Amino acid sequence: MHEIGIIQNALELAQEAACREGASQIHRVRLRIGRLAGVEPESLQLAFEVAREQTLARRATLEVESVPIVCWCACCEQLFESDSFIFSCPSCGQISEEVRQGREIELASLEVS
Amino acid sequence: MQADTKTINIHQGILLKNDELARRIRQRFNEIGTLVLNVLSSPGSGKTALLEQTLSRLHPTCSCAVIVGDLATDNDARRLRRAGAPVVQITTGTVCHLEASMIEQACSELDLKSCRVLFIENVGNLVCPASYDLGESLRVVLLAVTEGEDKPLKYPKIFKTADLILVTKMDLAGLAGFDLEQVRSNLATIAPQAEVIYLSSRNGEGMDAWLNWIQQRAGTCRV
């Protein structure tokens with residue numbers, strides 16, 4: 001359950017950004033989480049509900065955008081999206097060793113006032 | 001959206017502080033020429049037994065140190081100290097993984113100038129530690145034969161971050177009905193980037209290959 005730590009870090013960054021903008025309240029927190037990041041969106045929601053108390057985001061909602069896995073096939077020299085954790089190129093079947101997207105753990109944006 | 005609300009675009013990594021600290025730690029170890037191995041597995045896969053055997057053979061000729069993380073107890077640290085290498089225990093309490101700041105703190109207790117190989121025995125957990133860069137040179141993930149051939153399929157994320165996968169407790173492979181061909185095939189599809197060594201800390205099978213793997217990467221060490 002490392003999601004609580006991730007949410008605490010996200011809220012810290014969110015509060016810093018809100019303060020820089022002179023905002024007093026955070027209404028919405030948007031995260032981008034890669035499917036390979038090892039972070040569960042459901043656990044993030046639970047953690048958020050606990051961790052947002054005592055912060056500018058205490059009435060905020062959390063939106064988690066799931067970022068698909070994109071790999072590079074060295075044989076076909078093309079990018080492909082993978083729904084499975086076996087990164088098999090749809091054109092040639094070769095297993096890709098190069099992940100180009102899908103490990104993101106990112107604070108994307110905030111809505112504040 | 002209410003009229004007076006506004007959107008702030010941030011697009012910043014949430015673990016940025018950890019990742020930046022990890023980069024500094026990696027740079028520092030590169031400069032002093034210490035090989036840092038982050039050793040990961042589920043609880044009970046044989047990390048401590050492997051490190052005990054590794055230290056007893058490696059440390060006499062190649063100075064080693066260990067940072068060991070556990071939720072509670074210093075049992076592993078006490079076992080590892082018997083081999084004579086310096087060991088720093090991190091007790092994480094409720095935290096299910098190690099973070100770069102814990103490594104930085106632990107390093108302040110070690111004499112790193114004389115250390116050629118630093119092992120970080122992570123908290124036994126196949127999920128959370130995968131997301132945290134500790135500044136290691138390479139990642140070693142263990143899979144015990146008693147865990148079953150399909151562990152890499154169930155926990156693909158951590159196996160995909162491995163530079164080396166050690167299949168441990170090979171002395172029990174027959175008793176556990178472990179299918180070697182199946183695990184080879186599973187590892188080739190899930191973790192094609194990783195090298196794989198099959199070993200047993202108990203009977204010594206495969207230990208030479210593992211020690212050679214370390215030696216090649218630690219530069220001047222002699223095993």
Side-chain angles (χ1 to χ4, degrees), chain A residues 1-14 16-40 43-44 60 69 71 74 82 84-88 93-99 102-113, chain B residues 1-21 40 71 92-102 122-123 125-133 150-163 185-195:
Chain A
M1 183 66 183
H2 57 314
E3 284 80 0
I4 189 89
I6 286 169
I7 282 291
Q8 282 166 341
N9 285 347
L11 283 169
E12 211 174 288
L13 292 174
E16 285 168 15
C19 288
R20 276 199 304 274
E21 297 285 325
S24 58
Q25 211 180 335
I26 301 172
H27 301 281
R28 199 176 298 273
V29 177
R30 291 198 186 88
L31 308 183
R32 294 179 76 242
I33 304 293
R35 285 198 61 221
L36 254 189
V39 178
E40 293 309 318
S43 305
L44 285 176
I69 300 167
C71 301
S82 184
S84 140
F85 288 117
I86 297 170
F87 304 152
S88 167
Q94 178 132 331
I95 305 276
S96 169
E97 296 183 22
E98 197 178 332
V99 178
R103 299 194 198 277
E104 295 76 1
I105 303 177
E106 185 183 294
L107 176 60
S109 66
L110 300 174
E111 269 173 34
V112 299
S113 66
Chain B
M1 201 192 296
Q2 294 164 28
D4 55 349
T5 64
K6 63 175 173 180
T7 300
I8 313 173
N9 286 313
I10 298 177
H11 293 287
Q12 191 176 1
I14 294 171
L15 299 180
L16 193 73
K17 282 179 188 161
N18 182 80
D19 294 346
E20 279 175 357
L21 180 55
L40 302 132
L71 298 179
T92 60
T94 56
V95 181
C96 51
H97 57 272
L98 294 178
E99 298 185 9
S101 58
M102 301 174 188
N122 217 310
V123 178
N125 181 335
L126 280 181
V127 182
C128 312
S131 307
Y132 291 85
D133 186 357
D150 61 349
K151 220 39 181 296
L153 303 177
K154 290 178 174 169
Y155 296 87
K157 292 164 191 170
I158 200 152
F159 285 96
K160 282 180 186 298
T161 67
D163 296 290
S185 149
N186 290 346
L187 289 174
T189 51
I190 288 294
Q193 81 290 345
E195 290 180 59

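Per chain, numbering begins at 1; letters A, B, ... match sequence-line order. As the structure is a computational prediction, the values presented were derived from the model and not from experiment.
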Output yes when a side-chain donor or acceptor of B:K160 lies under 3.5 Å from a complementary backbone atom of A:F85, and no otherwise. yes
Step-by-step side chain to side chain contact (heavy atoms under 4.5 Å, CB included) determination, A:R32 to B:H11: CA-CA 9 Å; A:R32 294 179 76 242; B:H11 293 287; 4.1 Å; yes
About how many Å separate CD1 of A:I86 and CD1 of B:I190, when rounded to the nearest 0.5 Å? 4.5 Å
Go through the atoms of A:E98 and report whether side chain, backbone, both or neither lie under 4.5 Å from a heavy atom of chain B. neither
First locate atom OG1 of B:T189, then atom CZ of A:F87, and finally report the distance between them rounded to the nearest 0.5 Å. 10.5 Å
Name the region of B:P192, side chain, backbone, both or neither, that has any atom closer than 4.5 Å to a heavy atom of chain A. both
Region of A:A37 that comes under 4.5 Å of a non-hydrogen atom in chain B: backbone
Heavy-atom distance under 4.5 Å to chain A: side chain of B:Y132, backbone, both or neither? side chain
Do you know which two heavy atoms are closest between A:I105 and B:S131, and how far apart they sit? CD1-CB, 4.2 Å
Taking side chain as everything from C-beta outward and backbone as N, CA, C, O, which of these in B:T94 sits under 4.5 Å from a heavy atom of chain A? Side chain, backbone, both or neither. neither
Working to the nearest 0.5 Å, report the span between CG of A:L107 and CG of B:N9. 10.0 Å
So what's closer than 4.5 Å to chain B heavy atoms on A:E104: side chain, backbone, both or neither? neither
Which of the residues A:S109, A:A108, A:G38 is involved in the greatest number of heavy-atom pairs with chain B at under 4.5 angstrom? A:A108
With a 4.5 angstrom heavy-atom cut-off, is it the side chain or the backbone of A:L31 that approaches chain B, or both, or neither? side chain
Output the distance between atom NE2 (A:H27) and atom OG1 (B:T5), rounded to the nearest 0.5 Å. 6.0 Å
Going through the checks in order, is the side chain to side chain contact (heavy atoms under 4.5 Å, CB included) test met by B:L15 and A:H2? CA-CA 12 Å; B:L15 299 180; A:H2 57 314; over 6 Å; no
Once you round to the nearest 0.5 Å, how far does CD of A:E111 lie from NZ of B:K6? 12.5 Å
Tell me which of these, A:I6, A:I95, A:V112, A:V39, has more heavy-atom pairs under 4.5 Å with chain B than the rest. A:V112
Portion of A:S84 that has a non-hydrogen atom of chain B nearer than 4.5 angstrom: neither
Engaged part of A:R28 at the chain B interface, taking heavy atoms whose separation is under 4.5 Å: neither
If I take atom CG from residue A:L44 and atom CD1 from residue B:I14, how far apart are they, to the nearest 0.5 angstrom? 7.5 Å
Which atoms of A:R20 approach chain B - backbone, side chain, both or neither, heavy atom under 4.5 Å: neither
Turns out that what part of A:E16 lies under 4.5 Å from chain B's heavy atoms comes down to side chain
Could you go through the side chain to side chain contact (heavy atoms under 4.5 Å, CB included) check for B:K17 and A:N9 one step at a time? CA-CA 9 Å; B:K17 282 179 188 161; A:N9 285 347; over 6 Å; no
